[in-house]
Amino acid sequence: QVQLEESGGGLVQAGGSLRLSCTASGIDRRIAMGWFRQAPGKEREFVAAISWSGGGNTHYASSVKGRFIISRDGAKNTAHLQMNNLKPEDTAVYYCAGEEGGWPSPRPYEYDFWGQGTQVTVSS
């Protein structure tokens, strides 16, 4: 059974930084990994994704490009989301997702595995 576990959420002031991490267990092959978020009363939206091979094969939502950086640990199914210059509108529950096809898709329905989510709150 594949499980994804997020960590690193919390409360930060606007302009601050947070680093989220996600580790997938129960799977031997490398998967693409993505981050999505959902604010109260809103639909889940894409944030960033990285391919199974990492490197420069990444994809970002326009709202976070230049502020957030997604990375992964070598051959492991561990991904990080470095969030800089945070804004109150970044407040949401952030979900990690895994995609067996290996490509950094922005479409949530293409992901096979999901974490439980971690809360990020940015105060003004």
Side-chain angles (χ1 to χ4, degrees):
Q1 182 179 359
V2 179
Q3 291 186 322
L4 274 66
E5 184 172 358
E6 305 99 336
S7 62
L11 173 65
V12 65
Q13 288 188 330
S17 298
L18 280 176
R19 180 178 166 92
L20 304 183
S21 295
C22 173
T23 298
S25 59
I27 186 165
D28 293 330
R29 59 193 175 281
R30 296 173 72 182
I31 57 176
M33 300 184 78
W35 289 95
F36 293 78
R37 66 187 182 187
Q38 188 166 18
K42 295 187 177 181
E43 293 186 353
R44 190 170 298 190
E45 65 173 0
F46 170 72
V47 175
I50 189 166
S51 74
W52 67 272
S53 63
N57 200 348
T58 57
H59 189 49
Y60 294 93
S62 57
S63 59
V64 305
K65 192 173 292 184
R67 300 190 296 124
F68 291 11
I69 300 171
I70 190 170
S71 60
R72 64 185 303 152
D73 286 350
K76 300 178 182 179
N77 283 325
T78 296
H80 307 284
L81 185 67
Q82 178 66 42
M83 305 186 294
N84 301 318
N85 190 21
L86 282 160
K87 304 175 181 180
E89 52 263 43
D90 294 318
T91 295
V93 177
Y94 282 70
Y95 296 91
C96 176
E99 196 272 318
E100 291 192 273
W103 298 104
S105 172
R107 294 173 284 275
Y109 60 80
E110 292 189 355
Y111 285 79
D112 305 288
F113 317 109
W114 290 86
Q116 293 299 308
T118 184
Q119 177 70 45
V120 171
T121 302
V122 184
S123 63
S124 58

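Residues S21 and E6 form no side-chain contact, since every pair of their non-hydrogen atoms from C-beta on lies 4.5 Å or further apart. Under the 4.5 Å side-chain criterion, counting only non-hydrogen atoms from C-beta, I50 is in contact with R72. Looking at heavy atoms from C-beta onward, F68 lies in side-chain contact with L86 at the 4.5 angstrom threshold. A 4.5 Å side-chain heavy-atom check between C96 and L4 finds at least one atom pair inside the cut-off. In this structure, W114 and Q3 have side chains that are not in contact, with every pair of non-hydrogen atoms separated by 4.5 Å or more.
Heavy-atom contacts from other residues, nucleotides or ligands closer than 6.0 Å to CH2 of W103 number 12 or fewer.
A donor-acceptor pair is defined here as one N or O able to donate and one able to accept, closer than 3.5 Å; no such pair exists between the side chain of Q38 and the backbone of E43.
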Please lay out, stage by stage, how F113 and Q1 fare under the test side chain to side chain contact (heavy atoms under 4.5 Å, CB included).
CA-CA 10 Å; F113 317 109; Q1 182 179 359; over 6 Å; no

One pair to check against ring-ring contact (aromatic ring centres under 6.0 Å, His included): W35 and F46. What are the steps and the verdict?
CA-CA 7 Å; W35 289 95; F46 170 72; over 10 Å; no

Residue pair W52, N77: steps toward the side chain to side chain contact (heavy atoms under 4.5 Å, CB included) verdict
CA-CA 8 Å; W52 67 272; N77 283 325; over 6 Å; no

Set out, in order, the CA-CA distance, both residues' side-chain angles and the distance that settles side chain to side chain contact (heavy atoms under 4.5 Å, CB included) for I69 and L81, then state yes or no.
CA-CA 6 Å; I69 300 171; L81 185 67; over 6 Å; no

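Note on I27 and M33: same hydrophobic cluster, where clusters join Ile, Leu, Val, Met, Phe, Trp and Tyr whose side-chain heavy atoms are under 4.5 Å apart, directly or indirectly. Cluster membership check: Y60 shares its hydrophobic cluster with V120, using side-chain heavy-atom separations under 4.5 Å among Ile, Leu, Val, Met, Phe, Trp and Tyr.
Summarising the geometry of F36 relative to P106, their closest heavy-atom pair is CE2-O, 3.6 Å, with the distance given to 0.1 Å. The minimum heavy-atom distance linking S105 with R107 is given by the pair OG-N, 3.0 Å.
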I'd like a table of donor-acceptor pairs (distance under 3.5 Å, sequence neighbours excluded) in which one partner is a side-chain atom from residues 88-95, with atom names and distances.
unit_1: D90; atom_1: OD1; unit_2: R37; atom_2: NH1; d: 2.9
unit_1: D90; atom_1: OD1; unit_2: R67; atom_2: NH2; d: 3.0
unit_1: D90; atom_1: OD2; unit_2: R67; atom_2: NH1; d: 2.8
unit_1: D90; atom_1: OD2; unit_2: R67; atom_2: NH2; d: 3.4
unit_1: D90; atom_1: OD2; unit_2: K87; atom_2: N; d: 2.8
unit_1: T91; atom_1: OG1; unit_2: P88; atom_2: O; d: 2.9
unit_1: T91; atom_1: OG1; unit_2: V122; atom_2: N; d: 2.9
unit_1: T91; atom_1: OG1; unit_2: V122; atom_2: O; d: 3.4
unit_1: Y94; atom_1: OH; unit_2: R37; atom_2: NH1; d: 2.9
unit_1: Y94; atom_1: OH; unit_2: D90; atom_2: O; d: 2.6

Return a table of donor-acceptor pairs under 3.5 angstrom between the side chains of residues 7-20 and protein atoms on other chains or two or more places apart.
unit_1: S17; atom_1: OG; unit_2: N84; atom_2: OD1; d: 3.0
unit_1: R19; atom_1: NH2; unit_2: H80; atom_2: ND1; d: 3.4

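Atom-to-atom distance recorded for S53:OG and R30:CZ is 7.0 Å, nearest 0.5 angstrom.
The side chain to side chain donor-acceptor pair (under 3.5 Å) search around S25 returns none, not counting sequence neighbours.
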